Structures are given as structure tokens and as C-alpha cells.
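Convention: sequence-line order gives letters A, B, ...; per-chain numbering from 1. Quick caveat, the model's predicted, so the values are computed rather than measured.
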2 protein chains.
Amino acid sequence: MRKTIYDIARAARVGIGTVSRVFNDHPRVAEETKRRVLKVARRLNYSPHPHARRLAKQKSFTVVAVVPSFSSYFFVEILQALHDGLRHYDYDLLLSGLDYPQQTHLSLARVLDEQRADGALVLSLPIMRDLRNVLEAAKIPLVLVDTYDPAFNSVSSDNVHGAFLATQHLTKLGHKRIGMIAANTSSPPARDRLKGFKKALAEHKINLRPEWVKISRSHKLDGFTYEAGYQLMQAFMEMNSRRRPTAYFVSSDVQVVGALRAIEEAGLRCPEDIAIFGYDDIVPAEHYGISTIRQQIGEMGKSAVALLMERVTNGESKVVHRRYEPQLVIRRTCGTTQGSRSASNGSFE
Amino acid sequence: MRKTIYDIARAARVGIGTVSRVFNDHPRVAEETKRRVLKVARRLNYSPHPHARRLAKQKSFTVVAVVPSFSSYFFVEILQALHDGLRHYDYDLLLSGLDYPQQTHLSLARVLDEQRADGALVLSLPIMRDLRNVLEAAKIPLVLVDTYDPAFNSVSSDNVHGAFLATQHLTKLGHKRIGMIAANTSSPPARDRLKGFKKALAEHKINLRPEWVKISRSHKLDGFTYEAGYQLMQAFMEMNSRRRPTAYFVSSDVQVVGALRAIEEAGLRCPEDIAIFGYDDIVPAEHYGISTIRQQIGEMGKSAVALLMERVTNGESKVVHRRYEPQLVIRRTCGTTQGSRSASNGSFE
DNA sequence: CTGAAAGCGCTTACAG
DNA sequence: CTGAAAGCGCTTACAG
């Protein structure tokens, strides 16, 4: 039979209040009493009933993570980081998956309504009006991860800057003809990466050719998929080789893998014929030798949890934005300095 | 302020017991009363407090999933399936990740001890003695997913048969020289796939050459990784081309991706020079054109949840084993019938 | 069919 | 420092 606080109290010859205080690290319990209670508790293999505790404390000791999708490397990694972080706080992680992004606010509203969570982590979702209303109505701490909205705490990565770095690197290698494969711009990261790309071209006085920027319209993971990368690169491959880019910034590594496939099928090689720069540094990126931008996912996860827990436990309420700097990871696919070829090619431009 | 059952009772002019009965679908409540209560509840936006309910009912309405690792496609997909399935039952899914497989039994013991779950789903773990003890001691329903042990309910896929089908397909294409890249045999699926491979060779009277079976010793995901596939295939590539297999059964698609890379680096092509058969049908497999074995992951997840919930809610207790038949998915990498080449090659053996 | 009351296992002011 | 008691929001025999 499960042991209760009464069993411990009896065996330790104290009142139940004292047992409770011991387990709640109440400051005013005599050392001696505390020791005795803990000893008995251990002997009887006691642990407080979580739901009773939650009811009495009027707290759920649970955090919800609202995730748009399970099936991408990024989410798996960030989820893992969040899960690990939460362990230190003895909080449970409740997953709230979404079938349709449109229902985010509904599913979240329900969770918050039922007071099933003391805090929320909202991943990668564009903050639309419906969602913002729910979030503002919910009087619980929350932090946005991988998105940004001035009104809420957030931990995000500077996608504009990351894309800028990647593109700039391509220019430094001597490329003048640079294209981009972008994800659906309904996704904030996709939008920012496109922005960073444009910014880098502008800053290096390289002409932006509209036909050299191909944007996925897919709604499946907002085009952050193999298929999207493959198809868009195929479109490039169909262009006359003298009239297409020599280098490409691709908005995610998953897309790069698809793109590489298209390049190979076109009988070309990367990086010999075509330079590629990706984004995300997903696990397999190393193996493919993809030059990419690393987001500090583990750090972001830890930081998001810490931020949230400060608010949940200390009642801290100032809105904070933490922005992580992405890092360049140079590997094979971007190639090395364009020698004479770039010079001559460049002169055509 | 949060509404309680008392608010509803007062507004609906009934006792709190009646309100409770309405929300618990108690059979003997007058239709008229029920309607009135529900109407008021809706108006006041009431929903029962989950923890109070759990405390009073002495049930956690939660299921734990013990997962060895987040970072693989397989787990993500199975998790997604479990999560979806659980929704229909209004049960929460509690994740219990593991840092070290060795502590599985400890982390599980803790959860069960604290009565934080009414049932458990244990994924892909080899059932060792420690774990078996914990599971047997826990008097809660549980089902094994993707593993098998005679003592517990299980939903698994017939890995022996899947590997058999894959290997047999290679023989049917005319291959006589067939090798295998296997994962660490400490993993039950890895072991079974190796077994199925051997069985198919035996049945088709093809000689098993020990040096043509390369087994990963990695502990990282038991060798179900890009790296393992890459390295083992590299080892094959270093063999004299006349003395190595013309076809390979690889124990997972992730490994295939690594293997393809090694093949490419060796200046060979798949399927023209080398035929490959994978396993798992992970999302990107389609894109690579990997011929593979599909496990019915979605089905398995649904079925596991259903099995568990029958036990949790109906108290059903017979031990049941559900085995899913894997399916052949023929794509590019295994090539087509070996023409004259296979004939002549075959004659060397 | 329905209400009043005890109980689920804790927490926490209030006295002392 | 510590005990007795009320309260957290439900559920469920027990009467009626």
C-alpha cells in the first residue's frame, strides 16, 4: 500500500504538518526532527503524492510545450534540450502537438484554462492575432522559443545575422552570382533568413536577381523539407548554366540535402561546380560536409527553461529577449576561394 | 477566478455531487438536470480541476513513455503516433528520457513508485534483468513497443521477417554475393535483422561469408547512425572489388545514407555498381530512393495505445503480443534484375 | 434521481 | 520549532 504523510508522522512521532515542512524545506524545522523524519521516510520508501501536492499548492508543477511538429530535426533537438533542462526543476513537460497551426491558440487556451500548466514554451510559431490574444489573456509565464514578439519573453537565434554571415562568406570566396533557396516566408525564421541574404548582397554591392531567389510555397513544415530543396534546385538546374548562380544560400540543411540530390542528377558536383551554404547544422550536416550556420540549440533550450522557471518560481516579470548569435561552420559544400574561374565569371556580371 | 464545482452547483441549483455526476457520465442523472448543469457549466466556462480529480479518483490519467533517445527518426515518429493515440483518451503523455540505458529501470521505478502514471509504454529497450524486476513489481499495465518479452504485452514488428524479405529480394534480383552492414547486436532489432539476413541466405543456399558481415560496435544509438553506415561501407570499399559483395542489406536507412556516401567517395554508383537494401523507411528514404522495409509505425503506435488503455480502463489483463508484418518498399537503390553481369559473377561463386 | 458528508493526500496560516 | 485544523476541488458510497 502506498505510504502517506500520516504513516510517516506516526512512525516519526511528529505531526503531519512537520513531515510536510520537512519535505518542503521549510526553514524552521529542528535539525534533529528533520533527520528523524527523513530517515523514517526513506525506510518506508515514502514520496509525496504529486497530485495531492499540486492540489494543495494550487500549482501544477508542469510546463507545456506547444510544438508545431514533431517531425523535424530541429524540434527534436530543442525538445530534448527543454526536457533535459526541466529535470533540474522537477517539473513535468506536457507536450501539446498541433495538427493544424491554426488551432494553436485553441489547444493552448484549453491547457491554460484548465490550469494544467504553470508556464508555457511556445516553439517556432508565428504569433498571429488569435494566438497573441490567448497568450495575453493567460496570466501565466511564458517564453517564446525560436520566434520573436516584442510583447513576450523570447529566446531566439538571430536568423538575419546568420543568413548574412553565410551569404557574406560566399561573397568572400569570390562569388558574384549568388542565389537563394528559401522556405515559405510565412515562417518567421524563413523570412529572416531571406532578409539576411538580401542584406549581405546589398552590403557587398551584389545585384539581387529576382529569378535567383526561389521561395517554397509548401505548407508542409513551411518548405523546410528535402522535397522543397530538391525541387527548387531542380528549377535552377534547368536554367542555362551561364545564366544561373555559382553559389547558393539555402535556408536549411534539410533542403540542402535535397538540393545536393538535384545537383548530382544534373551531372554536376558540389563544391566543384556549385557552392552551397546551408543553415541549422542538423546532425547529418557534418556527415555531408555541409557548410552551415549553427544555432546553439542546446544553449537556447537551457536558457528558455531558465527564463521560464525564474518567472514561474520567483515571479520575475520583466520581459526579456535573449538572442543567440549563430556561428559559421565551414565544411565542404561551400568550396574554397574561387580562383581564375570566379574572376572570369565575375567579369560577366 | 477559477470556477469550481460549487459555483456550478449554486448556479444550477443542485448539489455538488450532481455536478460531479454529470461530468462523470453517471448513468442515473435526469436528462433535464444534466442539461441544466451543462448549460451553466458552459456559461461559466467551467472545467474540472485535473489534479483534484486525480486525487479523488486515485488515478493519474497519465501514461509514461520511456524512450531511450529522442534523436532518431524512429522515435520521433513512434512518439508522434503515441501522442496522437492518447489524445482520444484524454490521457497525458509523460516523457521519461534516459541519459544512460543502464538507468532505465531506476527512472521507471521512480515514476511508478510515485504513482505518476497509470500505465507505461516502454520503447525499444532490451529487457534486462533489472528492468524486468521493476516491471514485474510495478502493478500497472504496460506495453512494450518495438521490443519483445514473453512476460509483457508487446507491439512489435517482425524484424527477422523484414530482414528476410529484404535479403530475399536481393537474391531474386540475381545477386549471389550479398553482404550486410549490421547495427550493434545488443539491440534486439539489430539482432533480429541479422538473423533474418542469415535465414534468407541459408534458404536460398547462398554461402555466408563472415567477412561480408560487418557489425557496428558503436554504443551511440547502437550503431544505427550515419557514421556507422559510412565507416562500415568504407571498410567494404577497401576490399578488392572482385572479392566483395555486389549487394548489401543494411540494417537501417540512416546507415544507408552514410553507406551511399562511402560508395560515392569510392567512385562507385548505386544501384549501377552496388545494390543496397535498407530498413525502416524513414522520411528521407523516399527522397534517396532507398529500397527498404517499412514498419507500420503509425499502426504500431495506435495499437500500443489501444492495448494499454484496454488494460488501464477495463482492467483487461491477458498478455497479448501483436506483431506487425513489415512491408517491402522497392525503390531505386536495390537496382533491377542482374543481367549478364549477375550471371557471370554468380558463376565465380 | 439527488443531497450531505466523508475522504483522497497534501499545505499552511494560526496558536502556542 | 511544532501540532491541530481548515482547506485545495473533486468523487462516491450512503440515505432518502
query: Do B:Met309 and B:Leu86 pass the side chain to side chain contact (heavy atoms under 4.5 Å, CB included) test, and can you show the C-alpha distance, the side-chain angles, and the key distance before you say yes or no?
result: CA-CA 9 Å; B:Met309 296 312 289; B:Leu86 242 20; 4.2 Å; yes

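- Of the side-chain N and O atoms in B:Lys3, none sit less than 4.0 angstrom from OP1 or OP2 of D:dG9.
- Within the nucleic acid shown, B:Val14 comes within 4.0 Å of sugar-phosphate atoms alone, with no base atom in reach, counting heavy atoms only.
- Using atom P as the reference point in both C:dC10 and C:dC14, the two lie 24 Å apart (nearest Å).
- A:Arg13 has its CZ atom 15 Å from the P atom of D:dT2, to the nearest Å.
- To the nearest angstrom, P of D:dT2 lies 11 Å from CD of A:Glu31.
- Phosphate proximity of C:dG3 to B:Thr18: present, with a side-chain N or O under 4.0 Å from OP1 or OP2.
- Dashed line: the shortest gap from a side-chain N or O of A:Thr4 to OP1 or OP2 of C:dC8 is not under 4.0 Å.
- Distances shown here put every side-chain N or O of A:Tyr6 at or beyond 4.0 Å from the OP1 or OP2 atom of C:dC8.
- Only the C1' atoms considered, D:dG16 is 16 Å distant from D:dT12, to the nearest whole Å.
- Taking side-chain N and O atoms only, A:Gln58 has a distance below 4.0 Å to OP1 or OP2 of D:dG9.
- In this structure, B:Arg53 reaches the sugar-phosphate backbone alone: every heavy-atom distance under 4.0 Å involves primed, P, OP1 or OP2 atoms, never a base.
- For the pair B:Asn314 (side chain) and B:Glu316 (backbone), a donor-acceptor distance under 3.5 Å is absent.
- The base of D:dG9 does not come close enough to the side chain of A:Arg54 for any donor and acceptor atom to sit less than 3.5 Å apart.
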